[in-house]
Colleague: 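Can you read through this structure? Questions will come right after.
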Amino acid sequence: MEKRQELYAGKAKSVFATDDPDRLILHFRDDTSAFDGRRMESLARKGKVNNRFNAFIMGKLAEAGIPTHFEELLSDTECVVKNLDMLPVECVVRNIAAGSLVKTLGVEEGSELDPPTFQLFLKNDELHDPMINESLAETFGWATPEQLAEMKALTFRVNEVLKQLFADGGLLLVDYKLEFGVFQGQIVLGDEFSPDGCRLWDAETREKLDKDRFRQGLGGVIEAYEEVGRRIGVSFD
Ligand code: TMP
Ligand code: ASP
């Protein structure tokens, strides 16, 4: 497969065309952003760590029967994916209260959410990814009711697979964000799953081992990502 022109540069990844219109190359950069891109920093090894981490998780999800865009690793910082028609909607499942839920609803950080809760956000940095609902998504054509139902079901299935995977590594999957697209008429998981887009706490100490270390200036960001990877069996060699 031949790598062609850059199509799009996001905050942490760049997307390249290939000679196959159905395939893209994702390049994971070292760039790290928070607060909708207002804080940007380059963190050594991040591109490689997140590329390997994402490949491992996408493999586990595919094994569990969840359709994903991931095809294969291409290099330390690149992978080949299916060319999805992305939907501008972010799907979040929360098992434990943290982040914007704590800020907007005033619940205590760390309280268990039973049952886990599901939220939709619009992918729009300028508007700071506002929370939306099914009705707004349908009205504005961001996704159809059928697509929304499928994304919600898949996001909860991911929870069952990953909660257990992380629990086996002594970790709590606090919350995570997924993005989906359409490939040949089917809803397929896109984007990435890495500690950039989820919250992971040590199950015993509740130490934060995800991008909150960057958001909150706690340091040791990539070391924490590597620690999480090591505990669940990701190879970074
Ligand atoms: P929140 O608490 O900021 O709403 O985020 C919930 C989870 O989703 C958290 O793990 C971070 C992730 N997330 C992103 O990675 N990018 C985003 O743009 C949003 C809104 C959430
Ligand atoms: N991913 C978003 C950003 O980079 C939100 C965040 O992670 O804080 O700005």
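All ligand and atom numbering here is 1-based and tracks the order in the structure. Just the heavy atoms: all of them, side chains too, but no hydrogens, waters or symmetry mates, feed the values below.
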Colleague: Which atoms of ligand 1 sit under 4.0 Å from any heavy atom of Asp129?
Modeller: 17 (C), 18 (O), 20 (C)
Colleague: Identify, by atom number and element, the atoms of ligand 1 in contact range of Glu90, meaning under 4.0 Å from any of its heavy atoms.
Modeller: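 So the answer, numbered in order with elements, is 17 (C), 18 (O), 19 (C), 20 (C).
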Colleague: So, Arg157 side chain and Val161 main chain: donor-acceptor pair closer than 3.5 Å or not?
Modeller: no
Colleague: Do Leu209 and Glu207 come within less than 4.5 Å of each other through their side chains, counting heavy atoms only?
Modeller: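 Yes, side chains in contact.
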Colleague: Counting N and O atoms only, with roles assigned by atom type, does the side chain of Arg38 sit under 3.5 Å from a partner on the main chain of Phe35, one being a donor and the other an acceptor?
Modeller: yes
Colleague: Are the side chains of Arg215 and Asp212 in touch, meaning some heavy atoms are under 4.5 Å apart?
Modeller: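 Side-chain contact under 4.5 Å: yes.
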Colleague: With ILVMFWY side chains joined below 4.5 Å, transitively, what does Ile25's cluster contain besides itself?
Modeller: Met1, Phe16, Leu74, Val80
Colleague: Test of understanding: with ring pair (Phe, Tyr, Trp, His ring centres under 6.0 Å), list the residues that count as partners of Phe140, not counting sequence neighbours.
Modeller: Trp142
Colleague: Ligand 1 versus Asp210, non-hydrogen atoms closer than 4.0 Å: side chain, backbone, both, neither?
Modeller: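 None of Asp210 does.
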Colleague: I'd like to know if Val174 contacts ligand 1, where contact means a heavy-atom distance under 4.0 Å to any ligand atom.
Modeller: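 Outside the 4.0 Å threshold, so no.
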Colleague: So if I apply the side chain to side chain contact (heavy atoms under 4.5 Å, CB included) rule between Leu87 and each of Ile187, Leu148, Thr144, which one comes out positive?
Modeller: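 Answer to the side chain to side chain contact (heavy atoms under 4.5 Å, CB included) test with Leu87 among Ile187, Leu148, Thr144: Ile187.
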Colleague: For Asp196, take its heavy atoms, then give the atoms of ligand 1 lying under 4.0 Å from any of them.
Modeller: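 Reading through ligand 1 atom by atom, the close ones are 15 (O).
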Colleague: Could you list the atoms of ligand 1 found under 4.0 angstrom from a heavy atom of Cys198?
Modeller: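 Checking each atom against Cys198, I get 10 (O).
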Colleague: Which bit of Asp175 is near ligand 1, meaning a heavy atom under 4.0 Å away: side chain, backbone, both or neither?
Modeller: both
Colleague: Is Glu179 near ligand 1, meaning one of its heavy atoms is under 4.0 Å from it?
Modeller: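 Glu179 does not count as a contact of ligand 1 under the 4.0 Å cut-off.
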Colleague: Using heavy-atom distances only, which candidate in Lys177, Glu192, Arg199 approaches atom 16 (N) of ligand 1 most closely?
Modeller: Lys177
Colleague: Would you say Lys123 contacts ligand 1, with heavy atoms under 4.0 Å as the rule?
Modeller: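 Under 4.0 Å: no for Lys123.
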Colleague: Heavy-atom distance to atom 1 (P) of ligand 1: which of Cys91, Gly99, Ser100, Ala98 wins?
Modeller: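 Residue with the shortest heavy-atom distance to the ligand atom: Ser100.
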Colleague: Any side-chain donor paired with an acceptor under 3.5 Å for Arg29 and Ser14?
Modeller: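 Yes.
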Colleague: Pick one of side chain, backbone, both or neither for how Lys211 approaches ligand 1, counting any non-hydrogen atom pair under 4.0 Å.
Modeller: neither
Colleague: Identify whether the distance between the nearest side-chain nitrogen and carboxylate oxygen of Lys46 and Asp30 falls below 4.0 Å.
Modeller: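 Result for this pair is no, no salt bridge flagged.
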Colleague: Could you tell me whether some N/O pair between Arg215 and ligand 1 is separated by less than 3.5 angstrom?
Modeller: no
